[in-house]
Amino acid sequence: MILLEELYRHAKDRPDRLAIRECGTGKTATYRELVQAVQGLSRKLPASAGETFLLRCGNSIEFYIAFFACFSSKSNVFAMGCGAAEAEVSQAIKRSGTRGVIGCGLQVKEVVEFSDPSRSYADDDGAPALLLQSSGTTGLPKIVQRPATTVDAAASMIAETRCITESDEILSCVPLAHSYGIEHGLLAPILVGATVHIAHGFEMSTIARELTARHITVFPAVPTIVEMLTQFDDLPSRLGGLRLIYSAGGPLPVSLNKKFARRFGLRVGQIYGASEIGSVTFSDPDREDFDPESAGRALGGVEMKLDADGQLLVKAPSQMAGYVGEKSPFTSDGFFPTGDLARVDANNRNITLTGRSKLLIDVGGRKVNPLEVEETLRLYPGIADCVVVGVHQSETLRRLKALYVVREFQTAPTEEELRQFLKEHLSGYKIPRIFELRESLPRTAAGKIQRHLLEQS
């Protein structure tokens with residue numbers, strides 16, 4: 001695996017180069033220290049090649065250690081957020097055939113009874129795979145399988161754009177269990193030998209403090225963070241040594257991009273991608289022909305086209321092998337249907353997203369499948385019907401709103417009762433902020449819920 005080879009090369013050539021620093025705790029690891037910790041953990045993993053470990057280390061140095069220790073021992077990595085509910089974790093373990101869970105403190109908890117110990121995600125050369133959860137469009141979240149070769153490709157494609165170079169210091173606040181977070185906060189930085197300053201989520205005082213220091217040069221952000229920075233009164237007109245900021249997780253409004261540029265003298269680039277395909281476009285804010293509305297140009301090796309309905313289809317070196325236990329979503333010629341509607345410019349280069357053909361709701365850069373939340377909410381005693389929609393609270397910020405109907409002669413539950421129930425089954429970001437009791441929900445003659453009416457209510 002090229003990424004692993006480069007990690008060891010950095011430890012040999014530049015052993016004292018700072019690899020990772022935790023913004024909250026101040027803990028650090030040089031490349032030599034990182035490799036030493038990786039070697040130590042890999043020797044302790046109770047697994048043979050090809051088995052799977054679930055990583056629940058959060059945004060920390062421990063995540064990097066566990067990630068590379070698993071790959072060093074040819075074990076698969078299943079990255080999952082610390083905020084996941086136990087029911088979600090149990091389901092993920094069962095569906096993936098996980099052998100053990102690596103949590104905070106690098107404690108390894110073996111799974112005694114896992115569903116399929118013979119299941120392997122290795123490629124023909126025996127190289128392991130990275131597993132990620134994708135929101136999907138129906139039912140349970142899908143598990144994306146990305147072989148080592150596609151992990152290498154994702155890192156290389158980002159590095160080749162010069163988004164991240166060996167001299168850069170990156171502020172990473174997007175969860176490492178997220179495709180965008182792991183690619184721009186771990187894969188690409190480690191490939192080129194850069195330094196990562198890792199933050200625990202979207203804590204604005206931490207982000208503001210780090211950006212005003214001279215050391216941060218690159219900041220992979222999400223639209224909500226860009227908006228919050230423009231509203232942060234205590235920030236100076238120049239953000240330390242920051243040379244590049246870019247956004248992903250959802251379209252960045254042009255008006256917000258211009259507002260940020262007026263305030264800080266930097267235009268915000270955009271990255272487009274998905275868990276299934278990785279980062280596949282980059283809109284470079286330093287180009288003369290930069291278009292703030294566009295998601296940019298395809299990265300090296302990426303092919304794009306539109307189908308008859310205007311849906312964007314992508315084929316990339318970084319794309320997954322498929323979903324675990326699911327049929328192939330790819331077209332006959334190997335393209336992945338993204339579910340995003342798009343248009344291309346006159347030169348057939350820049351891609352601009354125009355909407356979605358799927359139901360997914362963007363909440364702070366993370367995608368929520370409303371059907372999953374609805375399916376869980378219907379398990380609550382007395383709930384007869386429900387629907388979950390996204391409501392705008394600002395240009396970039398959307399919150400989840402649950403509208404529900406109770407069965408006849410049943411007492412309506414309180415918001416707190418519903419919220420506590422959902423916490424037992426779902427990650428925190430999937431739990432609606434607003435609950436509204438209705439006598440009925442609008443449906444078509446065919447019985448389909450009219451979501452668009454509820455989004456406007």
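Treat the numbers as computed from the prediction; the structure is a model and nothing was measured. In what follows, residues are counted from 1 in the order of the sequence shown.
- No donor-acceptor pair under 3.5 Å is formed between the side chain of Asp309 and the backbone N or O of Gln311.
- Across all non-hydrogen atoms, the minimal contact from Pro329 to Tyr323 is CG-CE1, 3.6 Å.
- Annotation for Val388 and Ile361: closest pair O-CD1, 4.2 Å, computed over non-hydrogen atoms.
- Side-chain N or O atoms of Asn369 include one that pairs as donor or acceptor with a backbone N or O of Leu371 at under 3.5 Å.
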### Task
Run the numbers on Leu131 and Gln145 for side chain to side chain contact (heavy atoms under 4.5 Å, CB included), then give the verdict.
CA-CA 5 Å; Leu131 306 183; Gln145 175 192 345; 3.9 Å; yes
### Residue pair Leu397, Arg399: steps toward the side chain to side chain contact (heavy atoms under 4.5 Å, CB included) verdict
CA-CA 7 Å; Leu397 188 60; Arg399 298 297 191 196; 3.8 Å; yes
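- Minimum heavy-atom separation, Ser172 to Gly185: OG-CA, 3.5 Å.
- The closest side-chain heavy-atom distance from Cys173 to Asn59 is not below 4.5 Å.
- The shortest side-chain heavy-atom distance between Leu55 and Val77 falls under the 4.5 Å cut-off.
- In summary, of the residues considered (Leu239, Leu244, Ile225), a side-chain contact (heavy atoms from CB on, under 4.5 Å) with Phe219 occurs for Ile225 alone.
- Of the listed residues (Leu235, Thr206, Ile245, Leu242), just one forms a side-chain contact (heavy atoms from CB on, under 4.5 Å) with Leu211, and that residue is Leu242.
- Between Pro141 and Lys430 there is a side-chain heavy-atom pair separated by less than 4.5 Å.
- Under the 3.5 Å distance criterion, the side-chain polar atoms of Thr161 are matched with a main-chain donor or acceptor of Cys163.
- You'll find the side chain of Glu372 reaches within 4.5 Å of the side chain of Glu88, heavy atoms only.
- At distances below 3.5 Å, not a single donor-acceptor pair connects side-chain atoms of Asn76 with backbone N or O atoms of Pro128.
- A salt bridge links Arg56 with Glu86: at least one charged nitrogen is closer than 4.0 Å to a carboxylate oxygen.
- Remark: Arg243 CZ is packed, more than 12 non-hydrogen atoms of other residues, nucleotides or ligands lying under 6.0 Å away.
- A search for side-chain contact (heavy atoms from CB on, under 4.5 Å) contacts involving Thr354 returns Leu341, Arg343, not counting sequence neighbours.
- In this structure His425 satisfies the side-chain hydrogen bond (donor to acceptor under 3.5 Å, both in side chains) test with no other residue, sequence neighbours excluded.
- For the atom pair CE of Met157 and OG1 of Thr281, the computed distance is 9.5 Å after rounding to the nearest 0.5 Å.
- The CD atom of Gln270 lies 13.0 Å from the CD1 atom of Ile351; values are rounded to the nearest 0.5 Å.
- From Phe421, atom CZ reaches atom CG of Leu426 across 8.5 Å, with rounding to the nearest 0.5 Å.
- Taking a cutoff of 4.0 Å between a charged side-chain nitrogen and a carboxylate oxygen, Asp333 and Lys305 qualify as a salt bridge.
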### Task
Show your working on salt bridge (Lys or Arg N to Asp or Glu O under 4.0 Å) between Glu395 and Lys259 and close with a plain yes or no.
CA-CA 12 Å; Glu395 280 192 284; Lys259 184 177 181 180; over 6 Å; no
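- In this structure, Leu353 and Leu312 approach most closely via the heavy-atom pair CD2-CD2, 4.4 Å.
- By the 4.5 Å heavy-atom criterion applied to side chains, Val280 and Phe336 are not counted as neighbours.
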### Message
For Val218 and Tyr246: C-alpha separation, side-chain torsions, deciding distance, then whether side chain to side chain contact (heavy atoms under 4.5 Å, CB included) applies.
### Response
CA-CA 8 Å; Val218 175; Tyr246 51 89; 3.8 Å; yes
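- The pair Asp385-Arg438 does not meet the salt-bridge criterion, since no charged nitrogen lies less than 4.0 angstrom from a carboxylate oxygen.
- The side-chain heavy atoms of Lys423 and Ile431, taken from C-beta on, include a pair separated by under 4.5 Å.
- Taking the six-membered ring for Trp and the full ring otherwise, Tyr64 and Phe68 have centroids separated by 6.0 Å or more.
- Side-chain atoms of Ser60 come within 3.5 Å of backbone N or O of Cys57 as a donor-acceptor pair.
- A donor-acceptor contact closer than 3.5 angstrom links the side chains of Arg146 and Ser179.
- Between Val314 and Val302, some side-chain heavy-atom pair lies under the 4.5 Å cut-off.
- When atom types are taken as modelled, the side chain of Thr98 and the backbone of Gly100 share no donor-acceptor pair closer than 3.5 angstrom.
- Residues forming a side-chain contact (heavy atoms from CB on, under 4.5 Å) with Ser279 (at least two apart in sequence, or on another chain): Ile158, Glu183, His184, Ile271.
- Pairing each heavy atom of Gln319 with each of Phe330, the nearest pair is NE2-CE2, 3.6 Å.
- Note that the CG atom of Leu176 and the CD atom of Glu62 stand 12.0 Å from one another [nearest 0.5 Å].
- With respect to the salt-bridge test (charged N to carboxylate O, under 4.0 angstrom), the residues Glu374 and Arg451 qualify.
- A donor-acceptor pair is defined here as one N or O able to donate and one able to accept, closer than 3.5 Å; no such pair exists between the side chain of Glu276 and the backbone of Met320.
- When all heavy atoms are compared, the tightest approach of Pro285 to Val268 is CB-C, 4.2 Å.
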### Task
Check the pair Phe78, Gln133 against side chain to side chain contact (heavy atoms under 4.5 Å, CB included), reporting the backbone distance first and the verdict last.
CA-CA 8 Å; Phe78 189 174; Gln133 280 202 325; 3.8 Å; yes
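- Rounding to the nearest 0.5 Å places CD of Glu169 at 6.5 Å from OG1 of Thr217.
- Asn257 CG to Phe290 CZ: the interatomic distance, rounded to the nearest 0.5 Å, is 4.5 Å.
- Contact of the Asn350 side chain with the Arg297 side chain is registered, since non-hydrogen atoms from C-beta on lie closer than 4.5 Å.
- Summarising the local packing, CZ of Arg162 is surrounded by 12 or fewer heavy atoms from other residues, nucleotides or ligands at distances under 6.0 Å.
- The aromatic rings of Tyr180 and His178 stand perpendicular to each other, their planes meeting at an angle above 60°, with 30° marking the opposite boundary.
- Using modelled atom types and a 3.5 Å distance limit, the side chains of Glu424 and Gln420 yield no donor-acceptor pair.
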